[in-house]
**Student:** 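Sharing a structure with you now.
Position 1 is the first residue of the sequence, and the numbers go up from there.
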Amino acid sequence: IATAVALAAASASAMEFGVTASRDYANENRNGFGFTVGEKFGAVGVAGGFQRFTKGANDQDLYSVTGSYDVVKLGPAVVAAKVGGVYLNNQTGSDGYAMTVGAGVDVPVTKQVVLGVDIVRQYGQERVEQYDGNRVTAAVKYKF
């Protein structure tokens, strides 16, 4: 019985893989690219991601874990509140951690393909606070 319940719960959730493009409006206004892997459990979601930002001498790798909660559905679009944590790995300068808070909109194109846009504000430790600011990310996600 426990195995049947676990299989039913696993099949009720939707795993997704996404490819992202970002614009970081912090200190250096950098462009980035990356990917995400996430899972939805009804209105609650969790995603892990990697983004690479490049500009000038200080390229940055950003590793993230983000939780989301679907707030409202407007037609086919779903608006979600998001909060997360990131690790900033800088080519030059100090590495550190930050928190993100924001919102996202996902619009299904087909049953498996979703287009998404997220806007988040980043708040980092003192050693990486020069990277605090807004970030806009567009994604194409595929649901399994």
Side-chain angles (χ1 to χ4, degrees), residues 5-144:
V5 171
L7 288 172
S11 65
S13 63
M15 183 144 186
E16 59 188 28
F17 176 80
V19 178
T20 63
S22 299
R23 177 73 173 170
D24 186 354
Y25 291 99
N27 188 1
E28 299 183 23
N29 293 334
R30 301 184 280 192
N31 294 322
F33 60 91
F35 66 90
T36 62
V37 177
E39 184 93 19
K40 290 282 282 191
F41 306 94
V44 177
V46 65
F50 168 80
Q51 291 183 323
R52 173 87 171 158
F53 291 95
T54 58
K55 183 177 180 183
N58 188 18
D59 292 349
Q60 182 183 75
D61 293 332
L62 186 146
Y63 302 91
S64 64
V65 175
T66 304
S68 65
Y69 182 77
D70 296 346
V71 177
V72 67
K73 187 171 183 178
L74 304 169
V78 177
V79 179
K82 299 190 174 199
V83 64
V86 299
Y87 175 71
L88 307 168
N89 182 8
N90 295 300
Q91 183 179 358
T92 61
S94 296
D95 299 341
Y97 295 92
M99 181 181 104
T100 59
V101 179
V105 177
D106 282 346
V107 179
V109 177
T110 68
K111 191 173 181 179
Q112 279 84 25
V113 178
V114 175
L115 297 177
V117 175
D118 291 350
I119 299 172
V120 298
R121 175 78 180 171
Q122 181 172 292
Y123 302 95
Q125 293 175 298
E126 189 174 314
R127 63 184 180 211
V128 293
E129 70 185 353
Q130 69 268 28
Y131 303 109
D132 287 359
N134 299 321
R135 183 171 53 254
V136 177
T137 303
V140 177
K141 301 180 227 178
Y142 184 82
K143 292 183 177 184
F144 295 94

**Student:** Tell me if a side-chain donor or acceptor on D95 pairs with a main-chain N or O of N90 at a distance below 3.5 Å.
**Tutor:** yes

**Student:** Could you state the interatomic distance from OG1 (T137) to NZ (K82), rounded to the nearest 0.5 Å?
**Tutor:** 9.0 Å

**Student:** Take V79 and D70, measure what side-chain contact (heavy atoms from CB on, under 4.5 Å) needs, and give me the verdict at the end.
**Tutor:** CA-CA 6 Å; V79 179; D70 296 346; over 6 Å; no

**Student:** Would you say Y87 has more than 12 foreign heavy atoms packed within less than 6.0 Å of its OH?
**Tutor:** yes

**Student:** Shortest non-hydrogen contact from T20 to A139?
**Tutor:** CG2-CB, 3.9 Å

**Student:** With a 3.5 Å distance limit and no angle check, can you tell me whether E16 reaches the backbone of G38 through a side-chain donor-acceptor pair?
**Tutor:** no

**Student:** Between D132 (side chain only) and G124 (backbone N and O only), is there a donor and an acceptor less than 3.5 Å apart?
**Tutor:** yes

**Student:** Considering only heavy atoms from C-beta outward, does the side chain of Y142 approach that of V113 to under 4.5 Å?
**Tutor:** yes

**Student:** State, to 0.1 Å, how close R30 and D59 come at their nearest heavy-atom pair, and which atoms those are.
**Tutor:** NH1-C, 4.3 Å

**Student:** Would a 4.5 Å heavy-atom cut-off, applied to side chains only, mark V120 and N134 as touching?
**Tutor:** no

**Student:** Once rounded to the nearest 0.5 Å, what's the spacing between atom CD of Q91 and atom OG1 of T54?
**Tutor:** 10.0 Å

**Student:** Are more than 12 heavy atoms, taken from residues, nucleotides or ligands other than K143, located less than 6.0 Å from that residue's NZ atom?
**Tutor:** no

**Student:** Ignoring hydrogens and angles, tell me if any N or O in the side chain of Q122 forms a donor-acceptor pair with the backbone of R135 under 3.5 Å.
**Tutor:** no

**Student:** Please determine if R23 forms a cation-pi arrangement with Y25, meaning its NZ or CZ atom is less than 6.0 Å from the six-membered ring centre and no more than 45° off the ring axis.
**Tutor:** yes

**Student:** What pair of heavy atoms forms the shortest contact from S22 to Q51, and how long is it?
**Tutor:** OG-NE2, 2.6 Å

**Student:** Enter the distance from N29:CG to D24:CG here, rounded to the nearest 0.5 Å.
**Tutor:** 7.5 Å

**Student:** Would you say Y69 has more than 12 foreign heavy atoms packed within less than 6.0 Å of its OH?
**Tutor:** no

**Student:** Of all heavy-atom pairs between R127 and Q130, which one has the smallest distance, and what is that distance?
**Tutor:** O-OE1, 3.4 Å

**Student:** State, to 0.1 Å, how close V128 and G96 come at their nearest heavy-atom pair, and which atoms those are.
**Tutor:** CG1-N, 3.6 Å

**Student:** Nearest 0.5 Å, please: how far is CG in N89 from CZ in R52?
**Tutor:** 8.5 Å

**Student:** Looking at every heavy atom in both T100 and G85, which two are closest together, and how far apart are they?
**Tutor:** OG1-N, 4.4 Å

